[in-house]
Amino acid sequence: MKPEPSTGAGQGPHPRHALAPLLASAVRLSIVAALAVVEKAEFAYVRDLVEITDSALSKQVSRLEEAGWVTVEKGQVGRRPRTWLRLTEDGIATYRRHLAALTAIAGPLQ
C-alpha cells in the first residue's frame, strides 16, 4: 500500500492546488495581468503590451472567455470597429488566487 503524501503538521494542502491551470500559459497570464489593472482595455493595446499577433490574442482570449474570466465587447469609435476586453469578477478572483498561490510556493523574497 502506498503511503499518503504528507502535507505537514496542520499545514493543509500544498499551495500549488490553488493554481489555475489555464494561467500556466505565460501568454494567458500576461493577458489577465494586463486586464487586472484596468476597467477594460482595447484589443490592440493588449496585443501590443503582450507582444503577440492579433490571431494569437484572439485564440487566447477565446479560451479565457470560455472559462468565464474575460468578456469581449464590440463597438465602434467613429467609423472604426473596436474590441474591448474586460476581466470578469470570477477572472479577477481567479487571478488573485493564482498570484497568492505563486507567492506561497515561492515564499518571501529577501
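- By the 6.0 Å contact criterion, NZ on Lys40 is enclosed, its count of non-hydrogen atoms from other residues, nucleotides or ligands being greater than 12.
- In this structure, Arg97 CZ and Leu19 CG are separated by 11.0 Å, a value rounded to the nearest 0.5 Å.
- In this view, Arg82 and Glu42 satisfy the side-chain hydrogen bond (donor to acceptor under 3.5 Å, both in side chains) rule, not counting sequence neighbours.
- Among all heavy-atom pairs drawn from Ala101 and Pro15, the shortest one is CB-O, 3.3 Å.
- Residues passing the side chain to side chain contact (heavy atoms under 4.5 Å, CB included) test with Arg79, sequence neighbours excluded: none.
- By the 4.5 Å heavy-atom criterion applied to side chains, Leu64 and Arg28 are counted as neighbours.
- When side chains are defined from C-beta on, Thr53 does not count as touching Arg47, because their heavy atoms never get closer than 4.5 Å.
- Judged as a side chain to side chain contact (heavy atoms under 4.5 Å, CB included), and not counting sequence neighbours, the contacts of Ala36 are Leu87, Tyr95.
- Contact record, Ala34 with Leu49: CB-CD2, 3.5 Å, taken as the closest heavy-atom pair.
- In the displayed structure, Gln76 atom CD is contacted under 6.0 Å by more than 12 heavy atoms of other residues, nucleotides or ligands.
- For the pair Thr83 (side chain) and Phe43 (backbone), a donor-acceptor distance under 3.5 Å is absent.
- You'll find the side chain of Thr88 stays beyond 4.5 Å of the side chain of Val70, heavy atoms only.
- Proximity of Glu89 to Ile92: side-chain heavy atoms (C-beta onward) are nowhere separated by under 4.5 Å.
- With a 4.5 Å cut-off on side-chain heavy atoms, Ile105 and Arg16 count as touching.
- Between Leu22 and Trp69, the closest side-chain pair of non-hydrogen atoms falls below 4.5 Å.
- Using a distance-only test at 3.5 Å, with no hydrogens or angles considered, a donor-acceptor pair links the side chain of Ser30 to the main chain of Ala26.
- Within the 4.5 Å cutoff, the side chain of Val50 has no heavy atoms near those of the Leu57 side chain.
- In the hydrophobic clustering of ILVMFWY residues, with side-chain heavy atoms under 4.5 Å counting as a link, Trp84 and Val32 come out apart.
- At a threshold of 4.5 Å between non-hydrogen side-chain atoms, the residues His98 and Leu29 count as touching.
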